[in-house]
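Notes to accompany the following structure.
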Amino acid sequence: MSSHFLQSVILLAILFFNNGETAAIKGVGTDKVAASVHVRNGLPVKSGAMRIECSFHGKSLGIHDLGVGEDYSWTVEEEKALYFCKAIWGTKMGSFHAFQPRRDANHAIVFWLVKQNGFFLSWDNSTWIQRSPWDTE
Ligand SMILES: *[C@@H]1O[C@H](CO)[C@@H](O)[C@H](O)[C@H]1NC(C)=O
């Protein structure tokens with residue numbers, strides 16, 4: 001009787017300890033590689049550079065001029081933050097959610113391809129989904 005009770009207590013203690021440990025590891029996130037975002041200028045060859053500025057929590061990652069065929073990338077510092085980009089191409093303006101925690105959390109790389117008809121998202125750099133168009137002037 002008392003040895004059964006002792007076994008139960010030990011079992012509970014082990015379960016409790018293991019759960020605590022797992023939660024601690026998840027919290028620190030030591031075994032997870034930070035995601036990165038790649039934005040590629042896929043505009044027509046003869047068009048001028050496009051200008052892009054991305055930010056999270058209102059903090060700008062800087063303004064970048066991307067020539068045709070060029071790639072701009074960064075590492076997601078805050079997995080719970082929404083990364084928002086604004087682009088200007090000639091007289092057109094557009095914007096897209098470069099990294100959206102709920103949508104992208106399970107992907108190591110989020111790819112964006114900017115084309116004449118808008119902004120395309122991919123997680124494998126080959127299958128593209130159009131997410132937003134260029135705004136009409
Ligand atoms: C994505 O694919 C293009 C070719 O379609 C390639 O040039 C580029 O390097 C790839 N990007 C990454 C980050 O693998």
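Just so you know, ligand 1 is whichever comes first in the structure, and atom 1 is the first atom listed for that ligand.
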> Does a sphere of radius 6.0 Å around CZ in R51 hold more than 12 heavy atoms from other residues, nucleotides or ligands, not counting ones at 6.0 Å or beyond?
Replying inline: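 No, the 6.0 Å shell around CZ holds no more than 12 heavy atoms from other groups.
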Close-contact set for ligand 1 against [X] heavy atoms, below 4.0 Å:
X	result
F111	12 (C), 13 (C)
N125	1 (C), 2 (O), 3 (C), 8 (C), 10 (C), 11 (N), 12 (C), 14 (O)
H38	13 (C)

> Does atom 5 (O) of ligand 1 have any protein heavy atom closer than 4.0 Å?
Replying inline: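 It does not; no protein heavy atom is within 4.0 Å.
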>> Less than 4.0 Å from atom 9 (O) of ligand 1, is there any heavy atom belonging to the protein?
In response: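 When distances to the protein are checked, atom 9 (O) of ligand 1 has no heavy atom within 4.0 Å.
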> Which residue pairs pass the side-chain hydrogen bond (donor to acceptor under 3.5 Å, both in side chains) test when at least one of the two sits in residues 113-122, sequence neighbours left out?
Replying inline: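 The answer is S122-D124.
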>> Just to confirm my output: which protein heavy-atom neighbour is closest to atom 7 (O) of ligand 1, and how far is it?
In response: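 Residue, atom and distance for the closest contact: R40 NH1, 3.8 Å.
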>> Using modelled atom types and a 3.5 Å cut-off, is there a donor and acceptor pairing between side-chain atoms of Y83 and backbone atoms of H57?
In response: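 It does not hold such a pair.
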>> If you apply the rule ring-ring contact (aromatic ring centres under 6.0 Å, His included), what do you find for F120 with W112, and how did you get there?
In response: CA-CA 5 Å; F120 295 75; W112 286 92; 9.0 Å; no
> Any side-chain donor paired with an acceptor under 3.5 Å for H64 and E53?
Replying inline: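 Absent: no donor and acceptor within the cut-off.
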